[in-house]
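Report on the following structure.
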2 protein chains.
Amino acid sequence: MLHDSPMESDSQTPRPALESNTHDIGLRIRQLREERGMSLSELARRAGVGKATLSGLENGTRNPTLETLWSVTAELGVPLAVALGTAPAAPGTTIRGTAVAAVLLEVFEEREATYELYRMTVPAGAAQTSPAHHRGVTEHITVFAGTLRVGPADRPLTAGPGEHISWVSDVPHSYEALGTQDVHATLLIRYPHR
Amino acid sequence: MLHDSPMESDSQTPRPALESNTHDIGLRIRQLREERGMSLSELARRAGVGKATLSGLENGTRNPTLETLWSVTAELGVPLAVALGTAPAAPGTTIRGTAVAAVLLEVFEEREATYELYRMTVPAGAAQTSPAHHRGVTEHITVFAGTLRVGPADRPLTAGPGEHISWVSDVPHSYEALGTQDVHATLLIRYPHR
DNA sequence: GCCCGCTGTTCCGTTTACGGAACGATCGTC
DNA sequence: GACGATCGTTCCGTAAACGGAACAGCGGGC
């Protein structure tokens, strides 16, 4: 058990090029924002940072300050470590769009896909549109209360209590709580690998 | 299982005052640096940042850039998340002082104390001095190879292969590999709580 | 004693991240 | 088609984070 080389292999954290990492962080933030159906302008306004700042951050052309990152990640509702890519999204995380609020309950890592299970609520009358996910991503919703109109933006479906809807979400899609009742549902998202 | 309140409690990450957190990050970085027996000037030079920058960072009077944090944490050999306090030091972490290199093997969290177990090597002839730890911290070293002179800076002890040394490390203490052999040893540090 | 090397902090000029405003592009509405 | 609203990007003046230099304090050597 003591047979490591006398010259300790230099196991310092490899110092990655700054550009590479700000680039990745930008992509991650952009994805988190789009998952919530938020526009760049809206996130910038709600987080209290300039649009120029957020644009540069998402495109990886800036070297952001901790304060900036805190403001943005707080508004996205994720720990800073998630934006940095040093921690996976943890169960218990709440994501908030303009209309949808969803609590991540479980993450299943399978060989060909990752599944995320959410408890989702949409306040009565609220609606939001989310941009397309990556190719092959599917969403599966089971409604418990209220009436939800959901699916591809140009061809949404409607589901009441007890009903279930699935669709491929690699196109822009919308969520809307019809009627006067808040919608409660579970949302399962399947992300195929590659 | 569905009995949560309709008005979702706002579980956004609480937005802490910037001052508070930069302050904590500063303390954490200072501690990591001192654990490695490195001076502020030395860490600044090796990390390629200004002394003013590092001083301000450790004192929490700046709002550091990601680039700065990356440079410093890379030199300390810890992931950025550790400096941010979002991740505990993980086994496998290598810490490097001017003379001592230590790989964290295990962390034991007990009710009254935390224990960290390291595999430690000191190149023949190398020496370093580390500042005092917090009150009550003790170090326990078992030497496997080489001869180690270690302990309070004013009253060090010497241990050869198979020998063991313990001392209270809340005073400045030094490590030195005597003779021509690299020193290999295990190091157990006990941090009492409060 | 003096001096040298080092510590960590403070001062200061330069660089750059910041937010506001202006920009062209892309929608929906009339 | 003209218009308004909103999208994300770019321009630009300001504020501040940056690195270098100067600083006082401290310990060791001769």
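So you know, we letter chains A, B, ... as the sequences are listed, proteins then strands, and number each from 1.
- Rounded to an integer number of Å, the gap from A:K51 NZ to D:dT10 P is 13 Å.
- When rounded to the nearest whole Å, the span between CG of A:L57 and C1' of D:dT9 equals 14 Å.
- At the heavy-atom level, B:R45 lies nowhere under 4.0 Å from the strands shown.
- Distances were taken from every side-chain heavy atom of B:T53 (C-beta onward) to each of D:dC7, D:dC18, D:dT9; the shortest belongs to D:dC18.
- If you walk DNA chain C from 5' to 3' and mark each nucleotide with an atom closer than 4.0 Å to a heavy atom of chain A, the marks span C:dA17 to C:dG20.
- Between the C1' atom of D:dC7 and the CZ atom of A:R30 lies a distance of 12 Å, rounded to the nearest Å.
- Distance CD1 (B:I25) to C1' (D:dA17): 15 Å, rounded to an integer number of Å.
- Of the charged side-chain nitrogens involved, none lies within less than 4.0 Å of a carboxylate oxygen, so that A:E176 and A:R149 do not count as a salt-bridged pair.
- When the local axes at the two ends of the helix from C:dG1-D:dC30 to C:dC30-D:dG1 are compared, using 5 base pairs at each end, they differ in direction by 10° after rounding to 10°.
- Side chains of B:T121 and B:H184: no donor on one and acceptor on the other come within 3.5 Å.
- Note: CZ (B:R62) to C1' (D:dA16) measures 9 Å, nearest angstrom.
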Begin with the C-alpha distance, continue with both residues' side-chain angles, and end with the deciding distance and a verdict on side chain to side chain contact (heavy atoms under 4.5 Å, CB included) for A:E58 and A:L54.
CA-CA 6 Å; A:E58 289 193 354; A:L54 185 53; 4.1 Å; yes
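- A:R30 is listed as a side-chain neighbour of A:N59, based on a closest heavy-atom distance under 4.5 Å.
- If you measure from atom CD of A:E42 to atom P of D:dG8, you get 10 Å, rounded to the nearest angstrom.
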